[in-house]
Amino acid sequence: MNKIAATLAERIEGRHPKIALILGSGLGSLVESLSHAIRVPYGEIEGMPVSGVSGHAGEFVSGSLGGVPVLVLSGRVHYYEAGDPSVMRPAIEALRDLGVETLCLTNSAGSVNPTMAPGSVMLISDHIAFSGKNPLIGEPSDSRFVGMTAAYDRGLRIAMREAAREVGVEVAEGVYMWFSGPSFETPAEIRMARTLGADAVGMSTVPETILARFYGMKVVGASVITNFGAGMTGAELSHEETKTMAPLGGQKLARVLGAAVSRF
Ligand code: HPA
């Protein structure tokens, strides 16, 4: 068990959640739907990377979501903060060590698909690691050659769709393209993303998906669309906009997740 897992196991009083959720920018409100919550700020766990991005709480919350034990990571460190795509590796290894089998990754993203407007929720069917970085570079074992053909689990996506139908939330599905950030894309990059087959662009999630697959976890991913990509509307993009818009789709996603976890 790594150090983060050992400390956390003690702090969450021996609970054994099999599902973990990483919440992106402005999506922290899901935590309010947890019952029996135990909160542990990242800063109180030695070795846990701490994000400096505003809108990211930075805490573990163990609790029950729709009657199912879950471990929520509210906030994450991004590649653009650390310059290291493997910055979340110890945290994801800790989840594996604690017995987590399913990791749900959420993020805020820009839409490059004209039919997917801000406020939408997009299930991630696949990704493009456009930043060119990989969190497994330097890993010496042969297990570094992780298969990514079904990185985003089909069964879990079906569970999300069924849950969405149950709670009356419309969900889109598409490809997420990872840009390093922290600057937003240019209009030319957004046109390129669309041409290359992306539906949404964002600055997170992909390295965590690769790490989770490396550690043998199943992955389900969802993006909350906060804006159209640069150049699609003429308006300038900003982090303020991301933070203001994220809760809109975030509330929808929280409802879907509340009904989905019992189906995972
Ligand atoms: N680009 C990259 N990341 C984002 C965006 C975007 O337009 N919106 C929210 N996160």
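One-based numbering, in listed order, for ligands and for the atoms of each. One-based numbering along the sequence shown.
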Practice task
Test side-chain contact (heavy atoms from CB on, under 4.5 Å) on M217 and L95 and set out the steps.
Solution key: CA-CA 9 Å; M217 283 175 248; L95 299 180; 4.1 Å; yes
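At a threshold of 4.5 Å between non-hydrogen side-chain atoms, the residues Y79 and M203 do not count as touching.
Ring-plane geometry between F130 and F179 is classed as tilted, the angle between the planes lying from 30 to 60 degrees on a 0 to 90 degree scale.
Side chain of R76 to main chain of M88: no donor-acceptor pair is present (N/O by atom type, distance under 3.5 Å, no hydrogens or angles).
Other residues, nucleotides and ligands contribute only 12 or fewer heavy atoms inside 6.0 Å of the NZ atom of K218.
Protein neighbours of ligand 1 below 4.0 Å, counting non-hydrogen atoms: S108, A109, G110, F184, E185, V201, G202, M203, T226, N227, L237, T242.
Side-chain contact, S29 with Q251: no donor N or O sits under 3.5 Å from an acceptor N or O.
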